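Below: one structure, written as structure tokens.
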Amino acid sequence: MVKKYVIWVIVSQIVVFLFSLIFYHSIHLLAYINVSFVVGALLILIALTGYIINKGFFDIVFASFQQMFSKMNDEERRPLSKLIPLRYHLPFTVGLVTIVLMIIALFVYYG
């Protein structure tokens, strides 16, 4: 399990360096800080979206839309939290590690 998290952190850092090369045409500390903030924030946003959907926040709204626009029976309808099983622990942890690495780089840059 730890191996999967380490692999995803390495992949996220590769993505940060690739986006730094694409958008800034070089790899320097400020480019790393900017890109890692965006990547980490997106990963945390994806994780929070998965958390909200899995906890059933949108189930009532989804059920009412299903009832209004569908011809299905009540037995066939399933809530949104059962239809979209998102795992949110991995992107949250990887996003948090990316943000922590960005904060360390920020202290190095301004320190």
Side-chain angles (χ1 to χ4, degrees):
M1 181 148 167
V2 173
K3 183 179 178 181
K4 182 168 52 169
Y5 284 97
V6 170
I7 289 171
W8 276 99
V9 167
I10 290 171
V11 167
S12 73
Q13 293 306 305
I14 291 171
V15 166
V16 167
F17 283 116
L18 285 176
F19 281 168
S20 177
L21 278 174
I22 291 170
F23 292 119
Y24 291 97
H25 305 292
S26 67
I27 297 177
H28 50 81
L29 201 53
L30 189 59
Y32 174 81
I33 291 168
N34 290 337
V35 174
S36 64
F37 175 76
V38 172
V39 170
L42 283 175
L43 286 170
I44 291 175
L45 184 66
I46 290 169
L48 290 176
T49 303
Y51 177 76
I52 289 172
I53 289 174
N54 279 342
K55 293 302 176 185
F57 184 77
F58 295 112
D59 284 348
I60 295 173
V61 174
F62 185 71
S64 57
F65 275 117
Q66 272 186 332
Q67 185 176 5
M68 182 178 254
F69 295 115
S70 177
K71 307 261 190 258
M72 295 189 313
N73 297 333
D74 287 336
E75 298 86 31
E76 296 175 4
R77 292 189 186 130
R78 294 190 329 189
L80 182 64
S81 59
K82 303 294 183 211
L83 289 175
I84 305 175
L86 293 175
R87 308 248 183 243
Y88 53 88
H89 298 289
L90 181 67
F92 181 75
T93 305
V94 173
L96 200 61
V97 168
T98 305
I99 294 292
V100 166
L101 290 173
M102 184 264 316
I103 290 172
I104 291 170
L106 197 60
F107 280 124
V108 168
Y109 185 73
Y110 285 114

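Basis for what follows: all heavy atoms, side chains included, without hydrogens, waters or symmetry-related copies. None of the values given here were measured: they were computed from a predicted structure.
Residues that satisfy the ring pair (Phe, Tyr, Trp, His ring centres under 6.0 Å) test with Phe62, not counting sequence neighbours, are absent from this structure. Not counting sequence neighbours, the partners of Tyr32 by the side chain to side chain donor-acceptor pair (under 3.5 Å) test are Gln13. Residues meeting the side-chain contact (heavy atoms from CB on, under 4.5 Å) test with Leu21, sequence neighbours left out: Ile27. Every residue meeting the side-chain contact (heavy atoms from CB on, under 4.5 Å) condition with Leu42, not counting sequence neighbours, appears here in chain and number order: Val38. Scored by the side-chain contact (heavy atoms from CB on, under 4.5 Å) test, Phe58 finds Ile52, Ile53, Leu80 as partners (sequence neighbours excluded). Every residue two or more places apart in sequence or in another chain that forms a side-chain contact (heavy atoms from CB on, under 4.5 Å) with Phe92 is listed here: Ile44, Ala47, Leu96. In this structure, the ring pair (Phe, Tyr, Trp, His ring centres under 6.0 Å) partners of Phe19, at least two apart in sequence or on a different chain, are Phe23. In terms of the side chain to side chain donor-acceptor pair (under 3.5 Å) criterion, Tyr51 has no residue partners (sequence neighbours excluded). Taking the side chain to side chain donor-acceptor pair (under 3.5 Å) definition, one finds that Asp59 meets it with Ser81, sequence neighbours left out. By the ring pair (Phe, Tyr, Trp, His ring centres under 6.0 Å) test, Tyr5 is found to be paired with no residue, residues two or more places apart in sequence or in another chain being considered.
Both Ile33 and Phe37 belong to a single network of hydrophobic side chains, linked directly or stepwise wherever heavy atoms of I, L, V, M, F, W or Y lie under 4.5 Å apart. At a threshold of 4.5 Å between side-chain heavy atoms, the hydrophobic network of Ile, Leu, Val, Met, Phe, Trp and Tyr places Val94 and Ile46 in two separate groups. Residues Ile99 and Val35 are members of separate hydrophobic clusters, defined by side-chain heavy-atom contacts under 4.5 angstrom among Ile, Leu, Val, Met, Phe, Trp and Tyr.
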Which pairs would a plain distance check flag for residues 102-111, meaning a side-chain donor or acceptor within less than 3.5 Å of a matching protein atom at least two apart in sequence or in another chain?
none

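Hydrophobic cluster membership for Leu18: Val2, Val6, Ile10, Ile14 (Ile, Leu, Val, Met, Phe, Trp, Tyr linked by side-chain heavy atoms under 4.5 Å, directly or transitively).
Scanning both residues, His89 and Thr93, for their nearest heavy atoms gives O-OG1, 2.8 Å. Nearest heavy atoms, Ala31 versus Ser26: CB-O, 4.3 Å.
Here the CG-CG distance, from Leu29 to Asn34, works out to 10.0 Å after rounding to the nearest 0.5 Å.
The environment of CZ in Phe57 is sparse: at most 12 heavy-atom neighbours from other residues, nucleotides or ligands sit within 6.0 Å.
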